Amino acid sequence: MSEMITADLVDLDLSADTKEAAARALAERMVAQGRVTDLDGFLADVAAREAQMPTGLDGGIGIPHCRSEYVTEPSLAFGRSAEGVDFGAPDGPADLIFLIAAPAGADDAGADDAHLTILSALARQLMNAEFTSALRSVGDAESAAALIRGDEPEAGSEAAAGSAGSTDSVATSAAASADAATGTTSPAPASGDAPPFRIVAVTSCPTGIAHTYMAAEALENAGREAGVDLVVEPQGSAGFTRLDPAVIAAADAVIFAHDVPVREKERFAGKPTVDVGVKAGINRPAELITEVRGKAERGEVSGGSAPTPVERGGEAGEGYGSMLRKWLMSGVSYMVPFVAAGGLLIALGFAIGGYEIKSAPSVMQHFVWTQTDSWAALMFQIGAVAFGFLVPVLAGYIAYGMADRPGLVPGFVGGMIASTINAGFLGGLAAGLIAGGVVLAIQKVKIPKAVRGIMPVVVIPLISTAIVGFLMFVVIGKPIASAQKGMTDWLNGLSGSNAVLLGALLGLMMCFDLGGPVNKVAYTFATAGIAVSNPSDSAMKIMAAVMAAGMVPPLAMALATTVRGKLFTETERENGKAAWVLGASFISEGAIPFAAADPLRVIPSSMVGGAITGSLSMAFGATLRAPHGGIFVVPLIGHAFLYLIAIAVGMCVTAALVVVLKGMRKQPVGSTAPGAPEDMAAPAAETKQPVAA
């Protein structure tokens, strides 16, 4: 810690009224010390991390942090605010603000891991009320830096007086953090002859620096107070060591406090589980322990690896609509690769062998190595098989998003039934939701301890599959199939102004959140229409409009940074170069860095351009059989020249709007941090799959 914070990195009279201003003030100290090479680039990384989840903590603490390529060495800056700064904590503004800067990589991995271990020690110390009280009372920057470093204060010094009550300095708690990183801790002794209740926990956050270890510390403290044996495996940036399998096997329950996927989740199969975000582990650890003990007493077990917060049902108190969106996005994100692979293979088959290739005999019966038609038939038939998985995969992973692994079997079976009875995409949605609901209901039933081990692999799949199969075959299958046919007939009947309006709507949706749920709804709607061996002309027009609109935002940002580079930071100009390739490849995520830094100008401009492109594509009658590929599948596009004109028009309109809006700003670039309060709003980009999103 001695190399990470000095008196020059301490501001005991921090004057800032927003979290962006506070981060800038502390980051400027890092720049002055040569620890950060690009102020705006670093602040953009801080803002991007903040957009994932607020970094305010209960107790008046703000801990903005990120890993950035602009950081030369792990550094920590501390600011104390008299008025307080809002970092999104439930209990109000923060007066103690720590800005943690970690390099994106290090030549000496061991040194980097050591620094991150010390950073985790700071995170743990922030759970110590005596430590934070001493920081609030310390009177000079040198003493504050020494207190944070854990230096031994001289007798009679202010640092000594301020830290007299603290029994665990940051430096000495580094050893505890190192132990936590290896998944070891000292359990509370059992009282009497009865063994204590045993809990294993996993904590993790997107950056793996602060919240991971703060949640671990909070859970360990709460476990000691509750008299339970609680062992935590923090999965942080410095790596992690797996808990001893014997410890997991002996545990009575599991707590997951995480915002990124838990690694090797299957290790915790078949135990009562509470699955929450990492901040719940920090803010209410005692409640989590009580909750998981209650589940164990009732015999409620999970299939093991609880889904991530993006895939699972959501946090306590979250609305049903939000949970439903996460479940559906889980299914869609797993379905999209099948769409891309199958659709592109089918499109290549048509391009090489013509549309009559769909009538070719099976390549098992006839395949000539030297004939292009045989290769075209092979591609088409492989693609058709891949397309056959779309509905089952959609249903299976919707159920997985709701109930984890036990939902896969009934979900896949229900999805296959939907395909068999021609219930299509709508049938897959229904089958997945029903399968997940049935599994969740079964898991709530109190089960004798003797049969808990076979529940995830025998009992739950058997009962849930039988129920889902009955409902899909006998009860709801036929009505859904009729609804699917009605929707298909409506699409086939679209023409004229109706088609143009639909294209504009799809363009708005594709550009609204650049990979979020609204974007995914439009993309899934389009791919569902072509996910058949003989799609209608209307379905192929819809697919063309969706892909064209999705290409507009990154291409427009690339064009804007080229023609008016002075309106953008150096980092944004570099991102603009990559956006040319990303946009041409139909990867809308290329525009996310721009939207994160300036959403009020970038997103509306993108929506206007996307709507124009979508409506022009429909008006021109452009068609597309492939679900992905960008300009690389132009030979497969009907009316390709007009299609490219539609994309160019939308790109120019968006770029022009962004340039005009940015040029109207009162302050020049660099006077405020990227993502300043008037501009900052986290874009709804929940998935990271580089597909039409």
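Numbering starts at 1 and runs along the sequence shown. Remember, it's a predicted structure, so these values are computed and weren't measured experimentally.
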Undergrad: Would a 4.5 Å heavy-atom cut-off, applied to side chains only, mark Val200 and Val247 as touching?
TA: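 SC-SC contact between Val200 and Val247 confirmed.
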
Undergrad: So, Lys271 side chain and Ile248 main chain: donor-acceptor pair closer than 3.5 Å or not?
TA: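 Indeed, once roles are kept as given, a pair shorter than 3.5 Å links the two residues.
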
Undergrad: Could you pull out the closest heavy-atom pair between Ala418 and Val391, with the gap in Å?
TA: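 So the two residues come closest at CB-CG1, 4.0 Å.
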
Undergrad: In sequence, state the C-alpha distance, the side-chain angles, and the governing distance for Leu288 and Val292, and then conclude on side-chain contact (heavy atoms from CB on, under 4.5 Å).
TA: CA-CA 6 Å; Leu288 302 184; Val292 81; over 6 Å; no

Undergrad: Just wondering, are more than 12 heavy atoms of other shown residues or ligands nearer than 6.0 Å to CZ in Phe197?
TA: yes

Undergrad: Can you tell me how far apart CD1 (Ile434) and OG (Ser464) are? Round to the nearest 0.5 Å.
TA: 12.5 Å

Undergrad: Donor-acceptor check, side chain of Glu233 to backbone of Val202, threshold 3.5 angstrom: yes or no?
TA: no

Undergrad: Taking Val363's backbone N and O only, do any of them form a donor-acceptor pair with Gln381's side chain (distance below 3.5 Å, no angle check)?
TA: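 Checking the backbone N and O of Val363 against the side chain of Gln381, a donor-acceptor pair under 3.5 Å is found.
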
Undergrad: Yes or no on side-chain contact (heavy atoms from CB on, under 4.5 Å) for Val228 and Arg293, after CA distance, side-chain angles and deciding distance?
TA: CA-CA 10 Å; Val228 302; Arg293 294 188 73 166; 3.3 Å; yes

Undergrad: If every non-hydrogen atom of Val439 is compared with every non-hydrogen atom of Pro410, which pair is closest and at what distance?
TA: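 For Val439 versus Pro410, the nearest heavy atoms are CG2-CG, 3.9 Å.
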
Undergrad: Using 0.5 Å steps for rounding, measure from the OG1 atom of Thr273 to the NZ atom of Lys265.
TA: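 Between Thr273 OG1 and Lys265 NZ, I get 11.0 Å after rounding to 0.5 Å.
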
Undergrad: For Pro406 and Ile460, which heavy atoms make the closest approach, and how far apart are they?
TA: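 So the two residues come closest at CB-CG2, 3.7 Å.
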
Undergrad: In the structure I gave you, are the side-chain heavy atoms of Ile255 and Ile289 within less than 4.5 Å of one another anywhere?
TA: yes

Undergrad: Calculate, to the nearest 0.5 Å, the distance between atoms CE and CE belonging to Met543 and Met540 respectively.
TA: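 Nearest 0.5 Å value for the CE-CE distance: 12.0 Å.
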
Undergrad: Looking at Ala216 and Val232, what are the two nearest heavy atoms and their distance?
TA: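 Of all heavy-atom pairs spanning Ala216 and Val232, the closest is CB-CG1, 3.6 Å.
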
Undergrad: So do the side chains of Phe473 and Ile417 get within less than 4.5 Å of each other, counting heavy atoms only?
TA: yes

Undergrad: With a 4.5 Å heavy-atom cut-off, do Tyr334 and Leu394 have their side chains touching?
TA: no

Undergrad: Measure the spacing between CD1 of Ile476 and CE of Met472 and express it to the nearest 0.5 Å.
TA: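 Between Ile476 CD1 and Met472 CE, I get 5.0 Å after rounding to 0.5 Å.
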
Undergrad: Applying side-chain contact (heavy atoms from CB on, under 4.5 Å) to Arg242 and Gln235, what does each step give before you reach the verdict?
TA: CA-CA 9 Å; Arg242 294 151 192 81; Gln235 297 184 352; over 6 Å; no

Undergrad: Atom CZ in Phe256, atom OG in Ser204: separation rounded to 0.5 Å?
TA: 9.5 Å

Undergrad: side-chain contact (heavy atoms from CB on, under 4.5 Å) for Leu433 and Ile398? Distances and angles first, verdict last.
TA: CA-CA 6 Å; Leu433 293 172; Ile398 288 175; 3.9 Å; yes

Undergrad: Of the non-hydrogen atoms in Leu219 and Gly281, which two are nearest, and what is the gap between them?
TA: CG-O, 4.2 Å

Undergrad: Do the side chain of Thr203 and the main chain of Thr212 share a donor and acceptor less than 3.5 angstrom apart?
TA: yes

Undergrad: Output yes when a side-chain donor or acceptor of His65 lies under 3.5 Å from a complementary backbone atom of Ile63, and no otherwise.
TA: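 Side chain of His65 to backbone of Ile63: a pair is present.
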
Undergrad: Using a 4.5 Å cut-off on heavy atoms from C-beta on, say whether the side chain of Ile421 contacts that of Lys478.
TA: no

Undergrad: Keeping Lys279 on the side-chain end and Gly56 on the backbone end, is there a donor-acceptor pair under 3.5 Å?
TA: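 A pair under 3.5 Å: yes.
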
Undergrad: Hey, could you give me the OH/CE distance between Tyr523 and Met547, rounded to the nearest 0.5 Å?
TA: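 So the gap between those two atoms works out to 9.0 Å.
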
Undergrad: Between Ala435 and Ala399, which heavy-atom pair has the shortest distance, and what is it?
TA: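 Residues Ala435 and Ala399, closest heavy atoms: CB-CB, 3.8 Å.
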
